[in-house]
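Below is one structure, written out as structure tokens; the observations come after it.
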Amino acid sequence: MEQLTLLLQSELRPALGVTEVGAIALAAARAASASKGELLHVHVSMNGGMYKNAFSCAIPGTEETGCETAALLGALYGDWTQGLECLHSITQAHAIQAKNSNVTVETDILPEKETIYIFAEAIGSEATGKALIEGLHSNITTVWCDDTEIFSAQAQCNTESTTFPFDTFTIEDFYSYVSTVPIEEIAFLQDMIDMNGRLAEAGKAGTGLAIGKTLSAFLQKGLVQNDTILQAQLLTTAAMDARLSGLPLPAMSIVGSGSHGILCCLPVVSYGQSSGKSQEDILRALALSGLVTIYSKHYTGRLSSLCGCVLGGGSGASAGIVYLMGGDAQAISTAMDAMAANLTGMICDGGSIGCTLKAYSGVQAAFLSAMLAIGGTMLPHPLGVVGNRAEQTAKNLGQVSTYGMASMDQTILSIMRNQK
């Protein structure tokens, strides 16, 4: 029980804007803090998944997007002590000043790096600062001033999630945990509800793709039905629109992603509230959703070719909804299998406001999977990527993401770079 509580706690982090943008800015800010003299040039190298996810992302508080802008703003104005919220005070005025400065910026991709890796150099007139992030989005492992190492924390690469024995745990274990854990031990999940709820409220005004505002307009025309599923989609897409369009409000991320955090949280909260469940029941369901999300992402990877927002956070949401519907561990496993059979082909083409569209589909799929599971509809086993057990299905998705789609990211990166 203690292991699972620590796992949940270790994976929840406030994140301002898309996490990859924050990570690039953080590395640049930390490098700049170690430089000396006038800042002249910023150079950031990173793994392909990091570049892909940040390529089209809005910079919180500004009208700007992309890797280079994130690096430049982080180096000039970022506060590295704030971690992934290092750009919390940035405005469009800062962006304009950065563009008009004499500081140049360059980014490139390191094809040999398959996991999270960012190496930032801030070249000053007197000394160059360098900073390295590895393994996790906010994990600064080494800092240099010129060639002198001034900070090292390699041991920080080991976290609860990287050392957790996932292969020894089952969906039954997760179900048993959330059903029996003392509620005060998971009370910290209320922060996730509150933080992501504030994002949703901000997004209801119609920012980003304004999906919620558009649906509400068609609701008045009678073309869509105001039901439980629509309300969950409206809440979730409002938060996604707010986050991905760059509103300066943090999301509570899970496994390093604010979008994952929103999708694994808000559909569960929406259904729990609309169906009259107690706050304790909602917290327990959210704990289950978080654990399933973490479990799924352990196998597919934090930066994957598949849409982790849907297949990670969406699978978690479906599990949480099943729990609130009164389903047992078997029903939860059935819902997870249905999510895999439904949306496995959804690729990740980087973090952007387009993720809101995928989140809308993910919420719909989460409810469908939950209802099929509660209704007793079970997929035949095995079936394509669906294994004999939900645990095997998660591992199969990991193989699809890691090996089956190995060339997908390179294709997407080529498209992105040719469109610059």
Side-chain angles (χ1 to χ4, degrees), residues 6-7 9-36 39 41-54 67-68 70-76 78-88 105-124 127-164 166 253-258 260 294 297-298 301-304 351 402:
L6 289 173
L7 178 64
Q9 288 177 322
S10 72
E11 288 292 2
L12 296 185
R13 291 286 185 276
L16 186 64
V18 171
T19 321
E20 285 71 37
V21 166
I24 292 169
L26 172 61
R30 186 64 181 100
S33 73
S35 69
K36 295 180 181 179
L39 184 63
H41 180 71
V42 180
H43 183 207
V44 182
S45 303
M46 66 197 82
N47 63 296
M50 182 66 59
Y51 185 93
K52 179 187 73 173
N53 275 17
C67 305
E68 288 79 11
L72 184 59
L73 288 172
L76 287 173
D79 179 0
W80 71 267
T81 65
Q82 298 299 308
L84 294 177
E85 294 186 83
C86 66
L87 296 181
H88 71 284
V105 61
E106 180 183 5
T107 62
D108 58 43
I109 299 170
L110 301 173
E112 70 277 11
K113 300 297 182 180
E114 297 180 354
T115 58
I116 294 172
Y117 185 95
I118 311 171
F119 179 67
E121 296 176 279
I123 299 173
T128 296
K130 306 172 188 176
L132 177 62
I133 287 178
E134 297 178 275
L136 302 171
H137 288 78
S138 59
N139 189 29
I140 300 173
T141 57
T142 317
V143 180
W144 300 264
C145 180
D146 283 336
D147 294 324
T148 302
E149 186 178 286
I150 61 175
F151 173 81
S152 178
Q154 297 291 347
Q156 290 185 16
C157 285
N158 291 322
T159 66
E160 292 298 331
S161 64
T162 57
T163 60
F164 187 83
F166 285 95
S253 71
I254 191 167
V255 289
S257 168
H260 290 41
I294 296 167
K297 292 298 293 181
H298 169 72
R302 289 174 181 261
L303 298 176
S304 66
T402 304

On a heavy-atom basis, which atom in Val255 and which in Lys297 lie closest, and how many Å separate them?
CG2-CG, 3.7 Å
Between Thr142 and Glu149, is any pair of side-chain heavy atoms under 4.5 Å apart?
yes
Give the minimum heavy-atom separation between Ser35 and Gly124, together with the two atoms involved.
CB-N, 4.4 Å
Can a donor-acceptor pair be found, under 3.5 Å and without considering hydrogens, that links the side chain of His260 to the backbone of Ser257?
no
Ile123 and His43: CA distance, side-chain angles, deciding distance, side-chain contact (heavy atoms from CB on, under 4.5 Å) verdict
CA-CA 8 Å; Ile123 299 173; His43 183 207; 5.6 Å; no
Looking at Asp146 and Thr148, would you say the former's side chain and the latter's main chain have a donor-acceptor pair under 3.5 Å?
no
Rounded to the nearest 0.5 Å, what separation is found between the OG1 atom of Thr107 and the CD atom of Glu68?
3.5 Å
Partners meeting ring pair (Phe, Tyr, Trp, His ring centres under 6.0 Å) with Trp144 (sequence neighbours left out)
Phe119
From Ile118 atom CD1 to Asn47 atom CG, the distance as rounded to the nearest 0.5 Å:
7.5 Å
Would you name the heavy atoms of Ser304 and Lys52 that are closest together and state the gap between them?
O-NZ, 3.2 Å
Tabulate below the donor-acceptor pairs under 3.5 Å that side-chain atoms of residues 16-24 make, not counting sequence neighbours, or state none.
| unit_1 | atom_1 | unit_2 | atom_2 | d |
| --- | --- | --- | --- | --- |
| Thr19 | OG1 | Arg243 | NH2 | 3.3 |
| Thr19 | OG1 | Gly256 | O | 2.8 |
| Thr19 | OG1 | Gly258 | N | 3.4 |
| Glu20 | OE1 | Asn53 | ND2 | 3.4 |
| Glu20 | OE2 | His137 | NE2 | 2.6 |

Restricting to non-hydrogen atoms, name the atom on Leu39 and the atom on Ala75 that form the minimum distance, rounded to 0.1 Å.
CD2-CB, 3.9 Å
What pairs of donor and acceptor atoms, side-chain ones from residues 110-117 against any protein atom, are under 3.5 angstrom apart with sequence neighbours left out?
none

side-chain hydrogen bond (donor to acceptor under 3.5 Å, both in side chains) partners for Ser45, two or more places apart
Asp108
Closest heavy-atom pair and its distance - Ala71, Ala28:
O-CB, 3.2 Å
What's the spacing between Ser138 OG and Arg30 CZ if we round to 0.5 Å?
13.5 Å
Heavy atoms, side chains only, cut-off 4.5 Å: are Val44 and Cys67 in contact?
no
For Arg13, all residues meeting side-chain hydrogen bond (donor to acceptor under 3.5 Å, both in side chains), sequence neighbours excluded:
none
Is the shortest side-chain heavy-atom distance between Ile294 and Phe166 below 4.5 Å?
yes
Exercise: identify the closest heavy-atom pair between Leu26 and Trp80:
CD1-O, 3.4 Å
Residues in side chain to side chain contact (heavy atoms under 4.5 Å, CB included) with Ile109, at least two apart?
Tyr51, Leu413, Arg417
